[in-house]
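All values below come from the heavy atoms of this structure, side chains included, with hydrogens, waters and symmetry mates left out.
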Amino acid sequence: MPAVMGGGAAVFDADGDGDLDLYFIAPAPGGSRFYLQQDDGLFLDATAASGLVGDGMGATAGDLDNDGDVDLYITRVGPDRLLLNDGNGVFADRSAAWDASTPGWSSSAALLDYDRDGYLDIYVARYVAFDPERVCSQHGGRRDFCGPTEFEGMSDVLLHNLGGHGFEDVGASAGITAVTDAGLGVVAADFDHDGEIDIYVANDADPNNLWIHQGGGRFVDDGVLQGSAYNRWGNSEAGMGIATGDADLDLDLDLFVTHLITETNTYYRNLLLPGFEDATIETDLGAASLDLTGFGTAFFDADNDGDLDLAVANGAVKRRPSALAPHGLWADYVEPNLFLINQGDRFLDASSEPPWTEHGLSRALVPADLDRDGDLDLVIANLDGPPQILRNLTIDPEAPADRAAAANWLQIRVIDPRLGREAIGARIVVRTLDGPRLVHALSTGSYLSAGPATVHLGLGTADATDGFDVVWPDGLIETFDGVAANQVVELVRGEGEVQ
């Protein structure tokens, strides 16, 4: 079962040279691989010397000791591993010393500073109490992978960072151990704009959790009352990955959750005060996913036109009713991935051309500007096959000038110099000629994955922004002047005008 569920990815600058590097995590012993990006854009396998040899399910990436480089937390079928970066892309295992060896089957993890002490805490979603001796089969007795309902669920874990030298599990006092569900996807952000970081968990066959922070480190699961636990028909679904972003441009964070074949993926539109509504049907986001099993997913502006598009990594976990590949070990499981373009009030399925028509067994998916040309590429982790890098050609030196002029962009890094790192959890409103845009500095990742916290914003034909309003994780609000398009801008705490 772990073999068919696993396949994580982390995209981050491991050695501090400004380029994004790649770490692919595999559940097979010794199966993970680490690649350093070179000056020519090629990747060098640096696994052996990096300290990243091993196995796992997924990862989250961030500066856990505030020393200016990116560390890794690797989720596993127990115990998890904490790996600290020496700044040059060489990692040391500090799991035991930092008391971060979470037991059980951990899936996805998210970074947040829930107590605003300046150090990043870790929320670890855990899956099921797996028994490798358990044998499962389909109707008719043909052996197949087990599903989550064959095992007991597990409570999640909240690791409180003790000032950059250790962790303490505070799940019980936070209130999250009261729930024992099969957690797979997790994201942490301020969903209700009350200044506190909340946590959303996609559960497999169980209702999803929306942990609303009450302050003081106490969380309450408000998923049912706020409409994000079940779909519109009141059914819990096989929640896998989560995409987060302001898809409808109304200045709050919406959610998109991927699911099992015969279920549709679900789009939860954020209405802020009343909570969320299932707007899957109205936005045409259901039909394309009905015959597929979705895992990693992301809202990202693929064409830099100013709104968020969607990508979904697919691959079955049980034998499909009809195989999509003629032969091979995984012929009964492979599926094509999905690409959906935002058209304002609905999404258009644009998956009918390569590379979206290729079949594979995909899991983690991360959008990132690997070649630093101003558009977002996609990194996809696959089972029983090489990973994929889908190069985005929106910004193309050979493209007509008028097309390039309609694809302006901005990348935003929010820096707190007191911490020496990007301020994960900061909320940013960018004032543009077409109206305000909401973005968040998050360690992106939906299923077993992590990406850079740098924000990417498509501007379309606009060649500048009018300004920025930043809500820092501790609640301070600063306003910054506008900048010209097509650059990476750093918004540094203390250099804006305090509101």
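Judged by distance alone, with hydrogens and angles left aside, the side-chain atoms of Asp15 form no donor-acceptor pair with the main-chain N or O of Gly89 at under 3.5 Å. Side chain of Ser446 to backbone of Ala298: no donor-acceptor contact under 3.5 angstrom is found. Judged by distance alone, with hydrogens and angles left aside, the side-chain atoms of Asp307 form no donor-acceptor pair with the main-chain N or O of Leu249 at under 3.5 Å. Side chain of Arg126 to main chain of Ser155: a donor-acceptor pair is present (N/O by atom type, distance under 3.5 Å, no hydrogens or angles). Asn337 contributes a side-chain N or O that, together with a main-chain N or O of Asn314, makes up a donor-acceptor pair within less than 3.5 Å. The main-chain N or O of Phe295 is never found under 3.5 Å from a side-chain atom of Arg363 such that the two would form a donor-acceptor pair. Of the possible donor and acceptor atoms, none in the side chain of Gln226 sits under 3.5 Å from a partner among the backbone N and O of Val224. Judged by distance alone, the side chain of Gln343 and the main-chain N or O of Ile341 form no donor-acceptor pair under 3.5 Å. Thr75 places a side-chain N or O within donor-acceptor distance of the main-chain N or O of Gly58, the cut-off being under 3.5 Å.
Phe167 and Trp98 have tilted rings, their planes meeting at an angle from 30° to 60° on a 0 to 90° scale. Between Phe219 and His213, the ring-plane angle classifies as parallel under the 30° and 60° cut-offs.
Trp105 contributes atom CH2, which lies 6.0 Å from atom OH of Tyr127 (distance to the nearest 0.5 angstrom). Summarising the geometry, atom OG1 belonging to Thr266 is positioned 12.0 Å from atom CD1 belonging to Ile242; distances are rounded to the nearest 0.5 Å.
Side-chain contact annotation: Asp221 with Asn209, donor-acceptor N/O pair under 3.5 Å present. For the 3.5 Å distance criterion, the side chains of Asp434 and Thr432 fail to qualify, holding no donor opposite an acceptor. Using modelled atom types and a 3.5 Å distance limit, the side chains of Asn486 and Asn408 yield a donor-acceptor pair.
The pair Arg431-Asp466 does not count as a salt bridge, with every side-chain nitrogen at least 4.0 angstrom from each carboxylate oxygen. A salt bridge does not link Arg437 with Asp246: every distance from a Lys NZ or Arg NE/NH1/NH2 to an Asp or Glu carboxylate oxygen is 4.0 Å or more. Ion pairing between a basic and an acidic side chain is recognised when a charged N comes within 4.0 Å of a carboxylate O; Asp65 and Arg94 show no such pairing.
In the displayed structure, Asp39 atom CG is contacted under 6.0 Å by at most 12 heavy atoms of other residues, nucleotides or ligands. Few gaps surround CG on Asp117; more than 12 heavy atoms of other groups in view lie less than 6.0 Å from it.
With Asp13 as the partner, the side chain to side chain contact (heavy atoms under 4.5 Å, CB included) test is satisfied by one option alone out of Val70, Asp21, Asp69: Asp21. For the pairing with Phe34, the side chain to side chain contact (heavy atoms under 4.5 Å, CB included) check across Phe43, Tyr23, Phe24 returns one residue only, Tyr23.
For the ring-ring contact (aromatic ring centres under 6.0 Å, His included) test, no residue two or more places apart in sequence or in another chain qualifies with Trp409.
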Criterion side chain to side chain donor-acceptor pair (under 3.5 Å) on Thr394 and Asn304, from CA distance to verdict: CA-CA 8 Å; Thr394 296; Asn304 283 355; over 6 Å; no
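For residues 158-173, the pairs satisfying side chain to side chain donor-acceptor pair (under 3.5 Å) are Asp115-His160, with sequence neighbours left out.
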